[in-house]
Amino acid sequence: MDELKLNTTQEQRFQVIEELRKEGMDPYGQRFDRTHSTIEAKNYYEKLVCDVPEEEKEHFTTPDIKVAGRIIGKRDQGKTTFMNIMDMVGRIQLYIRKDVLGEDNYAILKKKIYAGDIIGVEGGCFRTKTGEISIRVKNVTLLSKSINPLPEKFHGLTDVEMRYRQRYVDLIANPEVRDTLIKRSKIIKNIRDFMGTKGFLEVETPMLHPVAGGAAARPFITHHNTLDQEMYLRIAPELYLKRLLVGGFEKVFELNRSFRNEGIDTTHNPEFTMMECYQAYGNMETVLELAEAVICNAAEMFYKDLQVPYQGKVINLSRPWKRVSMLQLVRDVTGCQELTYSSPREQLVELAKKLEVEFEEKDTAVKIMGKIFDEKIESTLIEPTFVVEYPKEISPLAKANREKPDTCDRFELFINGKEFANAFSELNDSEDQLARFEAQIEQRKAGDDEAHEMDADYVNALRYGMPPAGGLGIGIDRVVMLLTDSASIRDVIAFPTLKKISANQNQKPNPEE
RNA sequence: GGGAAAUUAGCUCAGCUGGCAGAGCAACUGACUCUUAAUCAGUGGGUCAACGGUUCGAAUCCGUUAUUUCCCA
């Protein structure tokens, strides 16, 4: 494979590996039992040095410990070598002397071990003249040779494409990437634990769906060979979680991936992580409070006062969060206070034109209203805002409001102008649900390929009776973005979706295409 | 979907009006027993994203393609 061809530097390094093998050394070592991480080693020194008399502190060295990591810098100084090694939690300096290591070992270290290699070392901790806690190395164990040179130490790896494509290099070169992913893990654990303490049971429902449902989105299509049947990667776990409610589970959640075959930008990745939960005998209000609690509880891990710095702004997550009616927001932005979800299409067309909001011929009045909201209102909702009273027409799984039949009991949560959560009082009337599906199918026929599909088995489940319930979905990647001050969803996903570099990409273009 | 920009050594980047392909770091050789972007002396390293065109001559001008980024819808 061409992309694996070695360049000059790599060739040299490969030669070194061969030489090491000839000398009987294993370039790719075995288990190494560390006693301390880099940070623990420094703490160990700090702790022991406290009890040392003042005049002896300067020359104090701790008992031997064992530390391992990747060499990220080497300063060769003749008969002394300084190195820095990095492990998952931090870095520490090594002080290596020829007279301690011995002639032969020092020669190998000097000539055949370099930045990028992974080593284990043994020795005591001390403080150098310039004040840095270091390890006075007595033994070096080679654990892994590196053939690929590391990116430049000062500028690091900045090429955005390469950072995403070769995240492993990015992680070595840019410590903040690792910090972000560690925070991501902490946030997810925090949410999982929080849901547990609230009595929700974590469940796993299918990712391969015979019918893609639970959201308005285009699915990925795949195929099962032995069943010889089309399958869809799930766009949402919603309909399966509610089947569990029918079956008698009362508080369930799932925190995992969904897939939507749509555009990619700074807030959308085709596979993304969502936490969806359902609470039987609850409603929209129940899960509204839950949404606030979940996000605030996670935010408090990093920001006790809930003042969250994000991309130069400060977003105040203090509770309670604002609630506004979608209809009222649209009325305000259009200046038309008589507007309702039953207003005639011509009126919306006129308002959309006035605001220069584009729409399509097939769009209904409510759809146009949705577009006005998306374009003129959404991005202005910076502080956490629950937008409530959604039109029933675009919420086919939500219960209609008893007083306002064209409205449903649904909210979407917006923070920093982006959707963070979507929730409603779940529709549990099977025949209403059937009618809603049928309306969606009409819309699909009219050209809306994001309209929901009929899920007959789900209707059948509802016919057994589902308790009234509140359901909530929170976009986890966006929560992580907010709490890690990340500008792009790609920064909070270890391996974001990228276009494949095809083997014939650089060939002559095919005139047939 | 539309617009703009980027793509040159392993990495970070220069390269002007078309005229021998450059620097720093990394690597290699050597000096140096408290350095930390170590320092000093020397050496090697290139499909200038790909393909085509204009030209005596193209990294540079033109076109197409690819990937990525940003903005707009």
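Computed over heavy atoms, backbone and side chain alike; hydrogens, waters and symmetry mates excluded. Just so it is clear: chains get the letters A, B, ... in the order the sequence lines come, proteins before strands, and each one is counted from 1. Because the structure is predicted, anything quoted here is derived from the model rather than measured.
Straight-line distance from the CZ atom of A/Arg13 to the C1' atom of B/rG44: 15 Å, rounded to whole Å. If you take CZ of A/Phe82 and C1' of B/rU39, they are 13 Å apart, rounded to a whole angstrom. Atom pair A/Asp117:CG and B/rA26:P shows a separation of 15 Å (rounding to whole Å applied). Between the P atom of B/rU68 and the CG atom of A/Asp491 lies a distance of 15 Å, rounded to the nearest Å. Distance CD (A/Gln77) to P (B/rG30): 17 Å, rounded to an integer number of Å. If you measure from atom NZ of A/Lys499 to atom P of B/rU67, you get 4 Å, rounded to the nearest angstrom. Per the geometry, NE2 belonging to A/His59 stands 12 Å off C1' belonging to B/rC34, to the nearest Å. The separation between A/Arg97 atom CZ and B/rU35 atom P is 13 Å, rounded to whole Å.
Side-chain proximity of A/Asp76 to the nucleotides B/rU35, B/rC32, B/rG30 is greatest for B/rC32. Side-chain atoms of A/Asp99 lie closest to B/rU33 of the nucleotides B/rC70, B/rU67, B/rU33. For A/Lys110, taking side-chain heavy atoms from C-beta onward, the closest of the listed nucleotides B/rU33, B/rC32, B/rA27 is B/rC32.
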Would you tabulate the nitrogen or oxygen pairs shorter than 3.5 Å linking the protein to nucleotides 4-14 of chain B?
unit_1, atom_1, unit_2, atom_2, d
B/rG10, O4', A/Asn7, ND2, 3.4
B/rC11, O2', A/Glu152, N, 3.2
B/rC11, O2', A/Gly156, O, 2.9
B/rU12, OP1, A/Thr158, N, 3.1
B/rU12, OP1, A/Thr158, OG1, 3.4
B/rU12, OP1, A/Asp159, N, 3.0
B/rU12, O3', A/Thr158, OG1, 3.3

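In this structure, A/Phe414 has its ring center under 6.0 Å from that of A/Phe373. Between A/Tyr44 and A/His36, the ring center distance clears the sub-6.0 Å criterion. Remark: aromatic rings of A/Phe126 and A/Phe60 are distant, center separation not under 6.0 Å.
In this structure, A/Arg410 is positioned above the aromatic face of A/Tyr390, its NZ or CZ under 6.0 Å from the six-membered ring centre and within 45° of the axis.
Taking atom C1' in both B/rA66 and B/rA49, one finds a spacing of 8 Å when rounded to whole Å. Rounded to whole Å, the C1' atom of B/rA4 lies 25 Å from the corresponding atom of B/rA58. With both ends at atom C1', the span from B/rA26 to B/rU67 equals 26 Å, rounded to whole Å. Between the C1' atoms of B/rG46 and B/rG15, the separation comes to 14 Å (whole Å). Between B/rA14 and B/rU8, the two C1' atoms lie 10 Å apart (nearest whole Å). Distance check on atom P: B/rC16 versus B/rA59 gives 12 Å, rounded to whole Å. Comparing B/rC25 with B/rG63, their C1' atoms are spaced 37 Å from each other, to the whole Å. Taking the P atoms as reference points, B/rU17 lies 22 Å from B/rC13, given to the whole Å.
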Worksheet, complete the sentence: Each base of RNA chain B marked ( ) or [ ] if paired in-strand (Watson-Crick or G-U under 3.5 Å), | if paired to another strand and . if unpaired gives (((((((..((((.....[..)))).(((((.......))))).....(((((..]....)))))))))))).

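The closest donor-acceptor contact from the side chain of A/Lys42 to the backbone of A/Cys125 lies at 3.5 Å or more, if one exists at all.
Heavy-atom neighbours of A/Glu55 CD from other residues, nucleotides or ligands within 6.0 Å: above the threshold of 12. The number of heavy atoms from other shown groups lying within 6.0 Å of CD (A/Glu358) does not exceed 12.
Nucleic acid contact for A/Tyr106: none, since no nucleic acid atom lies under 4.0 Å from a heavy atom of the residue. A/Gln10 comes within 4.0 angstrom of no nucleic acid atom, judged by non-hydrogen atoms across all strands. Using a 4.0 Å heavy-atom criterion, one finds that A/Lys371 contacts no nucleic acid atom at all. Contact annotation for A/Ser134: no contact, since no heavy-atom pair falls under 4.0 Å across all strands.
Taking the nucleotide of RNA chain B with the nearest heavy atom to each of A/Arg136 and A/Gly73, the more 5' of the two is matched to A/Arg136. Each of A/Phe154 and A/Lys79 was assigned the nucleotide of RNA chain B with the nearest heavy atom; the assignment lying further toward the 5' end belongs to A/Lys79.
The side chain of A/Lys74 contributes no N or O atom lying less than 4.0 Å from OP1 or OP2 of B/rA26. Residue A/Arg75 places none of its side-chain N or O atoms closer than 4.0 Å to OP1 or OP2 of B/rU39.
With A/Arg184 as the fixed residue, the side-chain hydrogen bond (donor to acceptor under 3.5 Å, both in side chains) test singles out one of A/Asp179, A/Thr484, A/Thr273: A/Thr273.
For the residue pair A/Lys362 / A/Gln443, no side-chain donor-acceptor distance below 3.5 Å is found, with atom types taken as modelled. Side-chain contact, A/Tyr164 with A/Asp491: a donor N or O sits under 3.5 Å from an acceptor N or O.
Here the OG1 atom belonging to A/Thr158 is positioned 9.5 Å from the CD atom belonging to A/Glu152, to the nearest 0.5 angstrom.
With hydrogens and angles left out, the side chain of A/Gln93 and the base of B/rU35 share a donor-acceptor pair within 3.5 Å.
Residues A/Arg70 and A/Asp117 are not paired through a salt bridge, judged by the lack of any N-O separation under 4.0 Å between the basic side chain and the carboxylate.
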